[in-house]
**Student:** 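Handing you a structure now.
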Amino acid sequence: MWSIHNHLLLLIAVTCCALFQPLHAAWISGEEAIMGTKVSVQLWHQDKSQGEAAVQAVMEEFRRLDKKLSPYIEHSELALVNRMAASEPVVISEEFYRLLETSHVYSELTKGAFDITFASIGHRYDYRKGVKPSDSTIDTALPLIDYRNIRLAAANRTVSFEKPGVRIDLGGIAKGYAVDRGIELLQQRGIGHALISAGGDSRLLGDHRGRPWHIGIQAPRDKERMAAMLPLVDNAISTSGDYERFFERDGVRYHHIISPKTGRSAGTLQSVTIIGPNATRTDALSTSVFVLGAEKGMALVNRLEDIDAVIIDEDGEMITSDGFTDAGSQ
Ligand code: ADP
Ligand code: MG
């Protein structure tokens, strides 16, 4: 028969369990299509419902940023800027202003390989429908691609464009930024082990409970195969490839990474993977190194102390940055 004594013993046993071994600690995950890509979150939490709420908070943050930054949403802040900024200075949100400043930093760092005004021509491609601008359209519009066509005024927090026809797009940095924002939200909730990825941009919080996370680099010409697996802890990793959004015409591959110098699909590489401290940085640099090509791109990576890279060149050969050789020879 149950007595108060038994109840007390049971209570003590349950309390001990709760103190020393969380009852429902588990990996919790979620996946949604946002920002034109697959967003996935995986995290370790002591409490299932709080863990699920954290996954939802990350998804909500991605949706918020998509509404603000998408070129396809008519009332996004980005669309508004593209409509207005050639006629008058447009007052923008602090967050948008900071993103434009960050983009400017990467344009300078990469000597113009990273350039959000690529969209002045880039927006005339439709990769799904196989639509591309004519050579003469590209040549006429080419002077519009130049990050120096963007004027920022910190005092009023405004942006304006120097020339009519200039367009911007944050597709080369927005997903990385959203991943970083998501990781920040998880940290604020005390979460220590997590992975957030948005298409080719991922960031890891902590390790995979006692062992590293393993992130694969896809073989660019074989969707079923990984070209490499990298063990990572507390890092961000981004891959830019010529195989994500493209069409082929007369043997030419038209893909979504645009060389600001030519207004056409950049270079000859198959993919560039960048490993670094945060996903905004790895996202911007993976697009940039893709544009720069193997030689100039790797030279830049090897100058940056916090960055490593794996390039897969036009022959499918893998080229790694100095950080890999240094690590191997220690
Ligand atoms: P993904 O979008 O597949 O993750 P990337 O990170 O390489 O791939 O970003 C490619 C996107 O970056 C393009 O879809 C486009 O929005 C944008 N972009 C293309 N060329 C440039 C460039 N030269 N500078 C900055 N952004 C670019
Ligand atoms: Mg990128």
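Counting convention: from 1, in listed order, for ligands and their atoms alike.
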**Student:** Heavy-atom contact check, 4.0 Å cutoff: does Pro260 meet ligand 1?
**Tutor:**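 So Pro260 counts as touching ligand 1.
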**Student:** Only one of Lys67, Arg83, Lys68 clears salt bridge (charged side-chain N to carboxylate O under 4.0 Å, His left out) with Glu77; which?
**Tutor:**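 Result: among Lys67, Arg83, Lys68, Lys68 is the only option passing the salt bridge (charged side-chain N to carboxylate O under 4.0 Å, His left out) with Glu77.
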**Student:** Compute the shortest N/O to N/O distance between Gly241 and ligand 1 and return yes if it is under 3.5 Å, no if not.
**Tutor:**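 Not met; the criterion fails.
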**Student:** Run the numbers for me: atoms of ligand 1, each under 4.0 Å from some heavy atom of Asp169, listed by number.
**Tutor:**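 Those of ligand 1 that fall under 4.0 Å from Asp169 are 16 (O).
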**Student:** State if Ala113 counts as touching ligand 1 under the rule of any non-hydrogen atom under 4.0 Å.
**Tutor:**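 Heavy atoms of Ala113 do come under 4.0 Å of ligand 1.
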**Student:** Just verifying a value: how many Å separate Asp180 CG and Leu185 CG, rounded to the nearest 0.5 Å?
**Tutor:**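 Rounded to the nearest 0.5 Å, the CG-CG separation comes out at 11.0 Å.
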**Student:** Under a 4.0 Å heavy-atom limit, does Phe118 contact ligand 1 with its side chain, its backbone, both, or neither?
**Tutor:**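 Side chain only; the backbone of Phe118 stays clear of ligand 1.
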**Student:** Do you reckon Val301 sits in the same ILVMFWY cluster as Phe114, going by side-chain contacts under 4.5 Å, direct or chained?
**Tutor:**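 Both belong to a single hydrophobic cluster.
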**Student:** Roughly how far apart are Met84 CE and Ile92 CD1, rounded to 0.5 Å?
**Tutor:**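 These two atoms lie 13.5 Å from each other.
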**Student:** Could you tell me whether Glu295 atom CD has more than 12 heavy atoms of other residues or ligands within 6.0 Å of it?
**Tutor:**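 Counting neighbours around CD of Glu295, 12 or fewer heavy atoms of other residues, nucleotides or ligands fall under 6.0 Å, so no.
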**Student:** Could you list the atoms of ligand 1 found under 4.0 angstrom from a heavy atom of Gly171?
**Tutor:**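 Once the distances to Gly171 are compared, the set is 9 (O), 11 (C), 12 (O), 16 (O), 17 (C).
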**Student:** Ser240 heavy atoms, cut-off 4.0 Å: which ligand 1 atoms fall inside?
**Tutor:**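 Taking each heavy atom of Ser240 in turn, ligand 1 has 5 (P), 6 (O), 7 (O) under 4.0 Å.
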**Student:** Count I, L, V, M, F, W, Y as connected when their side-chain heavy atoms are under 4.5 Å apart, and connections chain through other members. Are Ile173 and Ile145 then in the same cluster?
**Tutor:**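 Result: no, two separate clusters.
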**Student:** At under 4.0 Å between heavy atoms, which part of Ile257 makes contact with ligand 1: side chain, backbone, both or neither?
**Tutor:**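 It is both parts that get close, each with some atom under 4.0 Å.
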**Student:** Compute the ring centroids of Trp213 and His193, then answer whether they are less than 6.0 Å apart.
**Tutor:**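 No: the rings miss the under 6.0 Å criterion.
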**Student:** Could an N or O of ligand 1 be found under 3.5 Å from any N or O of Gly172, whether backbone or side chain?
**Tutor:**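 N/O-N/O distance below 3.5 Å exists for this pair.
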**Student:** What about Phe290 and His255, are their ring centers closer than 6.0 Å?
**Tutor:**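 Ring-ring flag for Phe290/His255: true, centres closer than 6.0 Å.
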**Student:** Do ligand 1 and Lys175 have nitrogen or oxygen atoms that lie under 3.5 Å from each other?
**Tutor:**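 In this structure, Lys175 places an N or O atom under 3.5 Å from an N or O of ligand 1.
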**Student:** Give the atoms of ligand 1, by number and element, whose distance to some non-hydrogen atom of Asp283 is under 4.0 Å.
**Tutor:**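 In order of number, 6 (O).
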